[in-house]
Amino acid sequence: MAISVYNTLTRRKEPFVPVHPGRVGMYVCGPTVYKPSHVGHMVGPVIFDTVKRFLSWAGYQVKFVVNITDIDDKLIVEAVKQNSTVPIVAERVTADYMDCLKALGVRGIDLFPKATDHIPEILSMIESLIAKGHAYPSAGDVYFDVASDGDYGKLCNRDPEQMEAGARIEISDRKKNPGDFALWKGAKPGEPSWPSPWGPGRPGWHIECSAMSLKWLGAPIDIHGGGLDLQFPHHENELAQSESYLGHAFTKYWMHNGLMKTGDKKMSKSEGNEVVVSLLLKRHKSEAIRYLLLSSHYRSPIEFSEARLEEVGRTLEGFHRFFELFARISGKSFFYLETPKHREAKRLDPALAPEGLLRDIMTLSARLFESLADDFNTGGAIGALHEMLTRLNRFVAETRLEENRDQASLDPLIAGATLLRECGLLLGLFEEETVKESGTGLTDGLMKLLIELRAESRKTKNFAMADQIRKGLTDLNITLEDRPGGTIWRQS
RNA sequence: GGGCCCUUCGCCAAGUGGUAAGGCAACGGUUUGCAAAACCGUUAUUCCCCGGUUCGAAUCCGGGAGGGCCCUCCA
């Protein structure tokens with residue numbers, strides 16, 4: 001299966017060929033843990049989690065690393081503000097980040113290295129860069145010498161001289177050139193610090209990612225990802241220092257996800273318009289958030305609104321109604337259907353399936369796989385998912401399976417549903433069974449009683465009474481559905 | 001001043017040279033005692049505008065308009 005990836009470095013879609021056959025190393029820049037995560041922070045993890053799901057399914061062995069930046073200027077400021085310490089704030093915010101990832105079904109990250117656990121690696125990298133003439137100490141700091149890197153700016157297609165025209169770069173008499181950036185920052189009194197050959201200090205922002213990426217994934221790695229806003233200066237600088245250090249390529253494919261917006265502006269901590277994930281999770285299903293993040297292409301900006309999230313919730317209900325229907329007629333839980341872990345061309349070839357439901361579902365699944373293989377087009381994939389749902393529902397209606405439950409129709413339905421689940425899992429959707437909110441024994445008993453009373457009324461054609469019961473329940477946000485197999489109820 | 005990118009139905013959104021997926025909303029129909037759900041159908045002769053290339057363009061090229069991101073911390 002030919003997979004293509006858009007590479008920021010070349011500004012083209014390229015065939016995906018890993019550096020080592022069968023193996024993929026992927027590094028995604030994680031958060032600076034000074035404030036709780038907002039939805040925008042989840043875009044990258046969800047996208048790259050999906051990338052890993054798909055690549056693993058396609059047969060690659062993927063190692064996925066996301067760093068935690070637990071030392072940084074903002075963190076120091078935040079700790080002072082909270083009358084706390086950097087490690088305590090970092091630990092608390094990291095825990096929040098982990099909770100968010102878990103809620104959104106991000107399970108593919110193998111390792112979360114912390115910057116402060118890699119000071120020796122960082123120091124040795126800086127020393128080597130100095131020895132090679134790419135960096136210079138200056139008054140307790142160490143700076144990367146941009147002029148020493150012939151192709152500096154290649155990731156973002158930037159000319160260092162043109163950038164100076166913007167004149168927004170911090171001017172410092174410690175630097176040789178305004179574009180030089182800190183590898184090591186000397187500590188001011190009271191700041192957390194580590195000893196170094198240049199005096200006590202802490203790592204600069206970019207060097208940790210280089211050091212950790214090299215340590216845990218080697219070089220070159222296959223995929224280096226992050227938000228579009230990280231392209232410059234973060235990734236450009238990472239690239240410059242890493243390749244200057246290595247003398248060869250650092251990353252094969254650079255991938256950048258689009259940013260989340262609220263009210264036409266970028267969502268960010270500094271804009272103050274961020275929507276904190278932990279709060280959002282109290283009002284919306286995590287699956288809806290994940291679906292929203294995957295519904296458009298990962299390189300496009302996403303306009304965030306709770307109205308959209310509610311719309312997505314309605315959309316997702318359609319799937320979950322089918323899952324309940326499926327359980328009623330097959331006696332099997334959709335969520336426990338066993339799905340194959342890997343792609344096998346023969347198993348999934350529609351041409352090899354007998355005509356009918358299963359072949360149709362296979363054809364649609366093939367479209368989903370192709371979408372994902374084409375630069376991880378999750379929006380196209382979700383479209384295919386919907387068409388599968390419609391086809392499955394139509395089959396149930398046409399075969400009147402809900403009434404007769406004949407085995408000859410049940411078998412293809414189960415096979416089709418299993419394939420739908422396999423596809424959903426690639427996107428990290430339909431992972432968890434929807435649990436009825438207040439399924440207490442009392443509620444169930446009362447509902448059973450009311451449904452029986454209403455059934456009696458209907459039998460004796462006392463529709464006024466039947467409708468009164470249903471109307472009363474509707475007012476309590478409970479919907480009754482008279483299905484062929486009996487009346488069911490649902491709380492909205 | 002420089003770099004990157006976007007503009008497809010009321011809203012969201014796929015499609016990157018072969019004649020417009022999908023979702024939400026809306027409206028018809030089937031079904032139902034009536035509903036609900038589901039299914040079927042309708043809703044862009046057209047893809048911001050103007051030129052060009054081509055047998056053929058939403059897709060490629062040129063120009064214009066509008067919008068976003070980056071060049072400062074940011075996922």
Side-chain angles (χ1 to χ4, degrees), chain A residues 8 11 13 28-32 34-35 37-48 66 72-74 77 153 156-170 179 205 225-234 236 256-261 264-271 274 291-292 295-297 299-303 305 307-308 310-312 314-318 321-322 324-325 364 367 371 374 377-387 389-398 402 458 461 463 466-467 470-471 474 479-484 487-490:
Chain A
T8 305
R11 266 156 276 124
K13 225 187 260 183
V28 172
C29 290
T32 298
Y34 76 101
K35 270 187 180 176
S37 299
H38 65 251
V39 233
H41 292 128
M42 295 294 114
V43 179
V46 166
I47 293 301
F48 291 104
V66 172
D72 164 89
D73 295 13
K74 295 213 161 185
V77 171
C156 304
N157 195 25
R158 278 191 157 105
D159 179 350
E161 287 179 26
Q162 291 282 14
M163 283 189 311
E164 286 172 42
R168 291 213 281 172
I169 306 167
E170 183 191 346
W205 176 33
L228 211 56
D229 53 352
L230 253 33
Q231 243 176 52
F232 195 91
H234 186 55
E236 191 71 66
H256 292 95
N257 60 268
L259 304 176
M260 185 157 268
K261 301 188 300 170
D264 280 339
K265 261 194 303 187
K266 188 178 92 168
M267 182 182 293
S268 76
K269 295 174 203 170
S270 34
E271 292 276 358
E274 75 257 36
Y291 181 105
L292 178 66
S295 61
S296 57
H297 191 92
R299 276 188 281 114
S300 311
I302 310 173
E303 171 71 34
S305 75
R308 281 232 59 207
E310 273 157 29
E311 185 191 310
V312 166
R314 282 193 291 278
T315 302
L316 248 12
E317 267 173 39
R321 280 199 198 108
F322 170 75
E324 284 166 22
L325 173 73
L364 290 167
R367 216 164 84 201
S371 290
D374 180 12
N377 180 356
T378 51
I382 283 177
L385 231 40
H386 279 282
E387 289 185 67
L389 173 68
T390 300
R391 184 68 188 88
L392 253 9
N393 271 325
R394 198 173 88 212
F395 181 80
V396 173
E398 280 169 357
E402 218 175 340
R458 292 177 73 208
K461 308 251 187 231
F463 294 122
D467 289 346
R470 190 174 58 198
K471 176 68 172 47
T474 305
T479 310
L480 292 188
E481 271 183 42
D482 297 324
R483 316 231 36 129
T487 300
I488 61 166
W489 64 279
R490 185 173 59 243

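Given the structure is predicted, the values throughout are model-derived calculations rather than measurements. Here is the naming used below: chain letters follow the sequence lines, and residue numbers restart at 1 for every chain.
- In terms of modelled atom types and a separation under 3.5 Å, the side chain of Glu274(A) and the main chain of Met267(A) share no donor-acceptor contact.
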Practice prompt. Apply side chain to side chain contact (heavy atoms under 4.5 Å, CB included) to Asp482(A) and Arg470(A), showing your working.
Written response: CA-CA 11 Å; Asp482(A) 297 324; Arg470(A) 190 174 58 198; 4.2 Å; yes

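- For the atom pair Glu481(A) CD and Trp489(A) CH2, the distance stands at 13.0 Å (nearest 0.5 Å).
- Taking atom CZ of residue Arg483(A) and atom C1' of nucleotide C34(B), one finds them 16 Å apart after rounding to whole Å.
- Contact check on Arg483(A) versus Glu402(A) returns a salt bridge, with a Lys/Arg side-chain nitrogen under 4.0 Å from an Asp/Glu carboxylate oxygen.
- Here Asp467(A) lies in heavy-atom contact (under 4.0 Å) with a base.
- Among the protein residues, Arg458(A) comes within range of the nucleic acid bases, having at least one heavy atom under 4.0 Å from a base atom.
- His386(A) comes within contact range of the sugar-phosphate backbone alone, with a heavy-atom separation under 4.0 Å but no base atom that close.
- Nearer to the 5' terminus of RNA chain B, by closest-nucleotide assignment, is the contact made by Ile382(A) (compared with the other of Ile382(A) and Ala466(A)).
- Looking at the side chain of Arg394(A), the nearest of the listed nucleotides C40(B), A37(B), A75(B) is C40(B).
- Taking 4.0 angstrom as the limit, Lys471(A) places none of its side-chain polar atoms (N or O) nearer than this to OP1 or OP2 of A35(B).
- Of the candidate nucleotides A75(B), C24(B), A36(B), A36(B) has the atom lying nearest to any side-chain atom of Thr479(A).
- Following rounding to the nearest Å, Leu392(A) (CG) and C40(B) (P) show an atom-to-atom distance of 12 Å.
- A heavy-atom distance below 4.5 Å is not found between the side chains of Val77(A) and Asp73(A).
- Spacing between atom CE of Met267(A) and atom P of C70(B) amounts to 14 Å, rounded to whole angstrom units.
- Rounded to a whole Å, the CZ atom of Arg308(A) is 14 Å from the P atom of G23(B).
- Below the 3.5 angstrom threshold, one finds no donor paired with an acceptor across the side chain of Arg314(A) and the base of G23(B).
- If you check G3(B), C5(B), G68(B) against the side chain of Asn157(A), the one that comes closest is G3(B).
- Residue-level contact check: Met260(A) touches the bases, meaning some heavy atom is under 4.0 Å from a base atom.
- When the nearest nucleotides of RNA chain B are assigned to Glu311(A) and Arg367(A) by heavy-atom distance, the more 5′-ward of the two goes with Arg367(A).
- When the nucleotides A14(B), C40(B), C71(B) are ranked by their closest atom to the side chain of Thr390(A), C40(B) comes out on top.
- Heavy atoms of Gly44(A) sit nowhere under 4.0 angstrom from any nucleic acid atom.
- Atom CG in Leu385(A) sits 11.0 Å away from atom OG1 in Thr378(A) (nearest 0.5 Å).
- Using a 4.0 Å heavy-atom criterion, one finds that Glu387(A) contacts the sugar-phosphate atoms exclusively.
- Within the nucleic acid shown, Gly30(A) comes within 4.0 Å of sugar-phosphate atoms alone, with no base atom in reach, counting heavy atoms only.
- Between the side-chain ring of Phe463(A) and the base of G33(B), a stacking contact exists by the 5.5 Å and 30° definition.
- Applying the 3.5 Å distance criterion, the base of C34(B) shares a donor-acceptor pair with the side chain of Arg470(A).
- Taking only side-chain nitrogens and oxygens, Asn257(A) never comes nearer than 4.0 Å to OP1 or OP2 of A75(B).
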Worksheet entry | For RNA chain B, the dot-bracket pattern of Watson-Crick and G-U pairs whose distances stay under 3.5 Å, | for other-strand partners | ((((((((.[[[..)..(...]]].(((((.......))))).....[[[[[..)....]]]]])))))))....

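- Atom CD1 of Ile488(A) sits about 9.0 Å away from atom CG of Leu480(A), to the nearest 0.5 Å.
- Proximity of a side-chain donor or acceptor of His41(A) to a complementary backbone N or O of His38(A) within less than 3.5 Å is detected.
- Within the 4.5 Å cutoff, side-chain heavy atoms of Arg321(A) are placed close to those of Arg490(A).
- Separation of the P atoms belonging to C12(B) and G68(B) is 15 Å when rounded to the nearest angstrom.
- Under 3.5 Å, the side chain of Arg158(A) and the base of C70(B) form at least one donor-acceptor pair of N or O atoms.
- Between the side chain of Arg321(A) and the base of A37(B), no donor-acceptor pair under 3.5 Å is found.
- U19(B) and U30(B) have their P atoms separated by 35 Å, given to the nearest Å.
- Between Glu324(A) atom CD and A37(B) atom P there is a gap of 13 Å when expressed in whole angstrom units.
- When the P atom of A36(B) is taken as reference, atom CG of Leu325(A) falls 18 Å away, rounded to whole Å.
- Contacts of His256(A) with the nucleic acid, taken as non-hydrogen atoms under 4.0 Å apart, are absent.
- Here, G28(B) and C60(B) have their P atoms 41 Å apart, quoted to the whole Å.
- Nearest nucleotide to the Leu259(A) side chain, out of G33(B), C69(B), G23(B): C69(B).
- Across all strands, Gly227(A) comes closer than 4.0 Å only to sugar-phosphate atoms, never to a base (heavy-atom distances).
- Nucleotides G67(B) and G52(B) have their P atoms positioned 28 Å apart, rounded to a whole Å.
- As rounded to the nearest Å, G15(B) and A25(B) have C1' atoms that lie 23 Å from one another.
- On the P atoms, U59(B) is 24 Å away from G3(B), given to the nearest whole Å.
- Rounded to an integer number of Å, the gap from CH2 of Trp489(A) to C1' of A36(B) is 16 Å.
- For C73(B), its base sits under 3.5 Å from the side chain of Lys74(A) at one donor and acceptor pair at least.
- When the side-chain nitrogen and oxygen atoms of Asn377(A) are compared with OP1 and OP2 of G15(B), one or more of them lie within a distance under 4.0 Å.
- Comparing the P positions of U72(B) and A65(B) gives an interatomic distance of 27 Å, to the nearest angstrom.
- To the nearest 0.5 Å, atom CD of residue Gln231(A) and atom CD of residue Glu236(A) are 8.5 Å apart.
- Using C1' as the reference atom, U45(B) and C70(B) are 40 Å apart when rounded to the nearest Å.
- In terms of polar N and O atoms assigned as donor or acceptor, the side chain of Asp482(A) comes within less than 3.5 Å of the base of C34(B) in a complementary pairing.
- Distance check: Thr8(A) OG1 to His256(A) NE2 gives 5.0 Å after rounding to the nearest 0.5 Å.
- The distance between atom CD of Gln231(A) and atom P of C69(B), rounded to the nearest whole Å, is 14 Å.
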